[in-house]
Peer 1: 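My questions all concern the structure below.
Per chain, numbering begins at 1; letters A, B, ... match sequence-line order.
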2 protein chains.
Amino acid sequence: MPDTRPDDDRSVLSRTMRILQSFRAEDRGVGLSELTRRTGLPKATVHRIAQDLVAARMLAATERGYRLGRGLFELGMLAAPERSLIEVAIPFMQDLFLRTHETVHLGILEGTEVVYISKIGGHRQAPTPTRLGGRMPLYCTAIGKALLAHAPQQIVDEVLSGPLDRRTPRTVVAPGLLRGQLEQVVELGVAYEYEESMPGIACIAAAVLDANDRPLAAISVAGPSTRFRPDKHSTSVRAAAAGTASILARRRLTALPDEN
Amino acid sequence: MPDTRPDDDRSVLSRTMRILQSFRAEDRGVGLSELTRRTGLPKATVHRIAQDLVAARMLAATERGYRLGRGLFELGMLAAPERSLIEVAIPFMQDLFLRTHETVHLGILEGTEVVYISKIGGHRQAPTPTRLGGRMPLYCTAIGKALLAHAPQQIVDEVLSGPLDRRTPRTVVAPGLLRGQLEQVVELGVAYEYEESMPGIACIAAAVLDANDRPLAAISVAGPSTRFRPDKHSTSVRAAAAGTASILARRRLTALPDEN
DNA sequence: GCGTTCCGGTCCACTCAGTGGACCACAGCC
DNA sequence: GGCTGTGGTCCACTGAGTGGACCGGAACGC
């Protein structure tokens, strides 16, 4: 559904945002012309704004072109609730890693997707498709289902009525089946994924809830489906999520009203 | 020393940056008036830009006021070299944590300061003054000294000639003494800190170097000076740094020319 | 050699987005 | 009542931002 106001294309700020957001995770350096193409803005405009962004350390100019700058990284790290969430969760994620020696994720709900905000793992990590700061759909990941199961009805409906892409042969694309799974997640306190987002990966997750049972985040353990038995770790994962939640509660951090 | 160009106060972008950078780590929500005071900008201007930033998800409006938004966090996570650095370093930091059960840091050189880009630790962490995305001086931290010892002469001179604040009774504030320590760091491959940045904390760090011996980052282990013996872990810390460096080298990631 | 097509970067007259002083409504407080 | 703080809005003026046109160079094909 389109925004009521067509997002004011003409403001400097929205153009700036358009430039910043045109960067993708995979690119190492984006040239001026490429940025011009991606944003649809006049070349001179892109050039000028890019220069200003470089001066502000939000972009860095390299031989290969522009890339996102360290200033952006530092600012991003200052984003408050995420930071304290990470700091509180890390020791519990450590515990999980010690027990499993598999990849441990921390993710938050953002629209109809998960955003991964922390990830720890050893040298022999399963090749998970996740990146720090990256996104994945809710319906086909353990973290996603854990979050979705505790999310407001409105979001559940939106996800279930939206297109459910069959990412692997095992992806659950039947809304009814998915809804049943979500009920089970609430009942069990954990969510599972068996090769639903990527072949070869199995995963178990539990939600970190605030005092009002709203999901602040979710913690998961993922491993190769060949050797990793998710159900063996339900107690540990639940404990990690509950531990994180209780410390956050003690710090009186409630979920802030959804931004936007 | 003032900038040659007075940083173009009048551009929308620089005002925006001024607003974003006026946020501090400790504040949970900043009101409009407070922002106006911090930035020195007219209230109407701050208000308008803040609204735009909220629309762009760079700020979030709460009852308490504004705080940095999740969009900023996500963009920051996309900042490329830091992200791959973190991903490569994490397993080695894990190893260090398993051996020591103390707080493990990953930091990069930024001007004449360290910026901490990753931090893992258990439940009984030493009360380190570091935050993710936070900064500390180079001259009084183990990570700082490890970075400085391998930094270009120009930066070394700048730090040694600059004011060396005596942060604790043990802070090394004599430039000559510090220069000697830096030589030793290169020789030993590790840098030490004994309560130089904060009483009660001891720390050991090693630099992650690229193919040209430029410091990409440094890894440290910090613990309470009562029980933690930094010198017991020099081999492990060196190994973690060297391991990270060798994987980065294999990925052909060389240090990009300093931005700005 | 020459033409073509890409690139990053610059110029500068026009104009509309951004400005900011003045203003409003409200909530505490004395 | 008056005073002082807050968040938020209004709107006539103007200079910051715009962007089409333009460099100079590099890499191609012929």
Side-chain angles (χ1 to χ4, degrees), chain A residues 3-24 27-69 256-260, chain B residues 3-24 27-56 58-69 80 256-260:
Chain A
D3 234 46
T4 47
R5 200 186 325 177
D7 208 4
D8 204 356
D9 266 14
R10 314 197 58 76
S11 78
V12 194
L13 214 63
S14 70
R15 290 156 195 256
T16 305
M17 290 310 303
R18 193 118 63 101
I19 291 176
L20 286 178
Q21 268 150 7
S22 76
F23 283 86
R24 301 177 200 137
D27 39 46
R28 305 260 116 212
V30 184
L32 178 60
S33 313
E34 175 62 17
L35 273 182
T36 308
R37 246 174 279 118
R38 290 188 188 181
T39 56
L41 299 172
K43 189 170 55 164
T45 303
V46 174
H47 183 255
R48 189 163 17 81
I49 293 181
Q51 293 296 353
D52 290 356
L53 285 173
V54 168
R57 296 185 48 251
M58 304 311 258
L59 283 186
T62 69
E63 327 74 74
R64 283 209 204 84
Y66 297 99
R67 54 177 193 79
L68 295 176
L256 293 163
D258 263 321
E259 44 197 82
N260 229 1
Chain B
D3 234 47
T4 46
R5 199 186 326 176
D7 207 2
D8 205 354
D9 264 13
R10 314 199 57 76
S11 81
V12 194
L13 214 63
S14 70
R15 290 158 194 254
T16 305
M17 290 310 304
R18 195 123 56 107
I19 291 175
L20 287 177
Q21 268 150 4
S22 76
F23 282 86
R24 304 179 198 134
D27 39 45
R28 304 261 117 210
V30 184
L32 179 60
S33 312
E34 175 61 17
L35 273 183
T36 307
R37 244 173 280 116
R38 290 188 188 180
T39 56
L41 299 172
K43 189 171 53 164
T45 304
V46 174
H47 183 254
R48 189 165 16 83
I49 292 181
Q51 293 297 353
D52 290 355
L53 285 173
V54 168
M58 304 311 259
L59 282 186
T62 70
E63 329 72 76
R64 282 210 206 84
Y66 298 100
R67 55 176 191 79
L68 296 177
L256 293 162
D258 262 323
E259 42 197 86
N260 233 358

Peer 1: Tell me the interatomic distance from B:His47, atom NE2, to C:dG18, atom P, rounded to whole angstroms.
Peer 2: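 So the NE2-P distance, B:His47 to C:dG18, works out to 15 Å.
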Peer 1: Atom CZ in B:Arg48, atom CG in B:Leu41: separation rounded to 0.5 Å?
Peer 2: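 With rounding to 0.5 Å, CZ (B:Arg48) is 10.5 Å from CG (B:Leu41).
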Peer 1: Tell me, do B:Leu59 and B:Leu20 make a side-chain contact under 4.5 Å, heavy atoms counted?
Peer 2: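 B:Leu59 reaches B:Leu20 side chain to side chain.
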Peer 1: Could you check if a side-chain atom of A:Thr39 sits within less than 4.5 angstrom of a side-chain atom of A:Arg15, using non-hydrogen atoms only?
Peer 2: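 No, every pair of side-chain atoms sits at 4.5 Å or beyond.
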Peer 1: With respect to the phosphate group of C:dG18, does any side-chain polar atom (N or O) of B:Arg48 fall under 4.0 Å of OP1 or OP2?
Peer 2: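 The answer is no; no side-chain N or O of B:Arg48 sits under 4.0 Å from OP1 or OP2.
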Peer 1: Rounded to 10°, tell me the angle between the two end axes of the helix from C:dG1-D:dC30 to C:dC30-D:dG1, each built from five pairs.
Peer 2: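 Roughly 30° between the end axes, to the nearest 10°.
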Peer 1: Between A:Ser33 and A:Leu13, name the one whose nearest nucleotide on DNA chain C is closer to the 5' end.
Peer 2: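 With A:Ser33 and A:Leu13 compared, the 5'-side residue is A:Ser33.
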Peer 1: Mapping B:Arg37 and A:Ala44 to their closest nucleotides on DNA chain D, which lands nearer the 5' end?
Peer 2: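 Its nearest nucleotide lies further toward 5', so the answer is B:Arg37.
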Peer 1: Check the distance between D:dG17's P and A:Arg18's CZ and give it to me in whole angstrom.
Peer 2: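 So the two atoms are 17 Å apart, to the nearest Å.
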Peer 1: By nearest atom, which of the nucleotides D:dT18, C:dT19, D:dG17 is closest to the B:Ser11 side chain?
Peer 2: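 Side chain of B:Ser11 sits closest to D:dG17.
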Peer 1: State whether the distance check finds a donor on one side and an acceptor on the other, under 3.5 Å, for side chain A:Lys43 versus base C:dG9.
Peer 2: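 Yes.
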Peer 1: Which residues pass the side chain to side chain donor-acceptor pair (under 3.5 Å) test with A:Arg38, sequence neighbours left out?
Peer 2: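 Side chain to side chain donor-acceptor pair (under 3.5 Å) list for A:Arg38, sorted by chain: A:Asp27, A:Glu34.
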